[in-house]
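A short worksheet on the structure shown next.
No hydrogens, no waters, no symmetry mates; every other heavy atom, side chains included, goes into these values.
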Amino acid sequence: MESDIFGAFYRMRRAVVFTVLAALLLMMMVCSRIIRHELKPLTHLSKQAETIASGDFGMTLPDDGRRDEIGQLTQSFTNMQHSLVNYIDELKKTTAQKASIESELKVAREIQMSMLPRIFPAFPNRSDIDLFAMMTPAKEVGGDLYDYFVQDERLYLCVGDVSGKGIPASLFMAVTRNLFRIVAQQGHTPAEIATQLNNILSHDNDQNMFVTMFIGCADLRTGHFDYCNCGHNIPLLDGKFMDVKNTNFPLGVMEGVSFVGESIDDIRDHQLLIYTDGLNEAENRQHELFGDDRLLDFISGKQDIAAEELIPMLHEVVERHRDGAIPNDDLTMLCLRVLKP
């Protein structure tokens, strides 16, 4: 009796459940098909993007004219691809230009360094001159200079530091070094050399560049030493700062200035160390200066060491102080001892 009453209900329930399950399965199949159809362009775009990411920037992204989010994403990837291609082209051009500039700077450095005396011993046929010099630019080219030569038993020398760094300073340095050689060869005193150099460098100096310089002339027969300090660092004589009374202006600051020189009666058997501020102002990673105290501590008791040994030793001490820090200035050092016969 009960089965007759509820039998139809059970059959209907089973039919409804089956219908619902069948409908759900059909909906899942339809939704899955729709999702696969809709995601197919996105999957293709992903593969194309991976190809572009691998370095194939010539790959063309699909453009099916869609205006939905996938179409917008495709357009964004296309724009990014074009921007990336343009950026790489510009990067290639910039890299090529940089390589060209670096090559030219390398040549400029070689030309600049070739202008400075670099063969040591400086005077291999003379036993009365112990001289060594070194110039280390902070950049590819620098603004420091040194020079020396012997004429009529007089040793002329100079050490200079041009304001600024890089190519402008190197050009000013080249002009100054050549002018020193030309003027000094006329037999002038260091003060006269400084006066003439200053007038020439000051004339039409629109860039307002200048050079500090120490100029000296040692009579190799008597040891008499004339010098003129033009705003330069005070040199060391036998491990102590020289008693320089007239520091003068740097060269190139003002035309018409008369420079005042000084002299030492006999410099023979004395150690003279001339340097630029790239030595005492050398900075380490903590921006601590090498300073005068470290310089004096190093030079103490080293008056009998040959110049060719002393300068590299001092350079090594400065490098240890820097401890890998990028050089903040050019570094030039010249050491001289005139020896008695």
Side-chain angles (χ1 to χ4, degrees), residues 112-135 144-162 172-201 211-237 242 244 246-248 250-252 258-276 307-308 311 332-341:
Q112 181 186 33
M113 297 304 293
S114 68
M115 298 177 64
L116 305 177
R118 292 184 296 168
I119 299 176
F120 298 98
F123 303 98
N125 297 325
R126 304 194 65 125
S127 59
D128 56 343
I129 302 176
D130 177 22
L131 187 150
F132 187 84
M134 175 187 295
M135 195 274 272
D144 280 7
L145 68 131
Y146 68 84
D147 197 12
Y148 55 81
F149 65 92
V150 172
Q151 179 175 281
D152 299 330
E153 288 302 302
R154 290 185 177 87
L155 171 62
Y156 292 87
L157 59 86
C158 74
V159 172
D161 183 2
V162 177
F172 204 79
M173 163 265 177
V175 171
T176 304
R177 182 267 174 187
N178 288 335
L179 286 174
F180 166 78
R181 180 65 69 104
I182 293 173
V183 175
Q185 285 178 342
Q186 299 174 13
H188 296 296
T189 66
E192 293 170 342
I193 295 172
T195 300
Q196 292 196 35
L197 288 180
N198 177 70
N199 289 334
I200 297 173
L201 294 175
V211 52
T212 67
M213 182 177 286
F214 183 90
I215 305 172
C217 176
D219 190 321
L220 300 175
R221 294 161 296 194
T222 65
H224 185 81
F225 184 68
D226 291 311
Y227 65 90
C228 182
N229 189 61
C230 311
H232 199 73
N233 295 81
I234 304 300
L236 296 180
L237 185 64
M242 291 176 59
V244 177
N246 299 296
T247 56
N248 298 295
L251 303 177
S258 295
F259 286 72
V260 180
E262 301 175 57
S263 64
I264 298 174
D265 291 336
D266 193 349
I267 200 174
R268 289 177 296 180
D269 292 337
H270 293 283
Q271 181 193 71
L272 178 64
L273 176 64
I274 315 169
Y275 58 92
T276 61
E308 195 166 358
I311 295 297
T332 300
M333 299 175 285
L334 184 149
C335 183
L336 167 69
R337 282 200 308 166
V338 178
L339 306 175
K340 292 181 180 179

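- What you find for Pro190 and Asp226 is that their closest heavy atoms are CG-O, 3.3 Å.
- If you take CG on Leu237 and CD1 on Ile274, they are separated by 10.0 Å, rounding to the nearest 0.5 Å.
- Ala184 is linked by a side chain to side chain contact (heavy atoms under 4.5 Å, CB included) to Phe149, Tyr156, Phe180, Ile193, counting only residues two or more places apart in sequence or in another chain.
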As a quick check of understanding, evaluate side chain to side chain contact (heavy atoms under 4.5 Å, CB included) for Leu273 and Ile311, giving each step before the final call. CA-CA 9 Å; Leu273 176 64; Ile311 295 297; 3.8 Å; yes
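- Annotation: side chain of Ile129 is not in contact with side chain of Leu339 (no heavy-atom distance under 4.5 Å).
- Formation of a donor-acceptor pair under 3.5 Å by the His232 side chain with backbone atoms of Tyr275 is found in this model.
- Take Glu262 and apply the side chain to side chain contact (heavy atoms under 4.5 Å, CB included) test, not counting sequence neighbours, and it matches Tyr227, Val244, Lys245, Asn246.
- In this structure the side chain of Met213 reaches within 4.5 angstrom of the side chain of Leu197, judged on heavy atoms.
- With contacts defined as side-chain heavy-atom distances shorter than 4.5 Å, the pair Val211/Leu145 qualifies.
- Salt-bridge formation is not detected for the pair Arg154/Asp152: no Lys NZ or Arg NE/NH1/NH2 atom is positioned less than 4.0 Å from an Asp or Glu carboxylate oxygen.
- The CG atom of Asp128 lies 10.5 Å from the CG atom of Asp269; values are rounded to the nearest 0.5 Å.
- The CG atom of Leu157 sits 9.0 Å away from atom CG of Asp147, with the distance rounded to the nearest 0.5 Å.
- Side-chain contact between Phe123 and Leu155 is present, with heavy atoms from C-beta onward closer than 4.5 Å.
- In this structure, the side chains of Thr176 and Leu201 come closer than 4.5 Å at one or more pairs of heavy atoms.
- Minimum heavy-atom separation, Gln151 to Gly187: NE2-N, 4.1 Å.
- Tyr146 approaches Arg118 most closely through the heavy-atom pair OH-CG, 4.2 Å.
- Residues Cys228 and Val260 share a closest heavy-atom pair of SG-O, 3.6 Å.
- In this structure, the side chain to side chain contact (heavy atoms under 4.5 Å, CB included) partners of Asp266, at least two apart in sequence or on a different chain, are Arg268, Lys340.
- Within the 4.5 Å cutoff, the side chain of Ile264 has no heavy atoms near those of the His270 side chain.
- How far CG of Asp265 is from CD1 of Ile267: 11.0 Å, rounded to the nearest 0.5 Å.
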Determine, stepwise, if the pair His188 / Thr195 fulfils side chain to side chain contact (heavy atoms under 4.5 Å, CB included). CA-CA 10 Å; His188 296 296; Thr195 300; over 6 Å; no
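- Put simply, the side chain of Thr332 never gets that close to the backbone of Thr276: no donor and acceptor are under 3.5 Å apart.
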Could you give me the CA-CA distance, side-chain angles and deciding distance for Leu116 and Met173, then say whether side chain to side chain contact (heavy atoms under 4.5 Å, CB included) is met? CA-CA 11 Å; Leu116 305 177; Met173 163 265 177; 3.5 Å; yes
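- Within the 3.5 Å criterion, the main-chain N or O of Asp161 finds no donor-acceptor partner in the side chain of Asp144.
- Taking CG of Asp130 as the reference point, atom CG of Leu272 lies at 11.5 Å (rounded to 0.5 Å).
- Ring orientation note: the planes of Phe225 and Phe214 are close to parallel, at an angle under 30° on the 30°/60° scale.
- The structure places OH of Tyr148 at 5.5 Å from CG of Leu131, a figure rounded to the nearest 0.5 Å.
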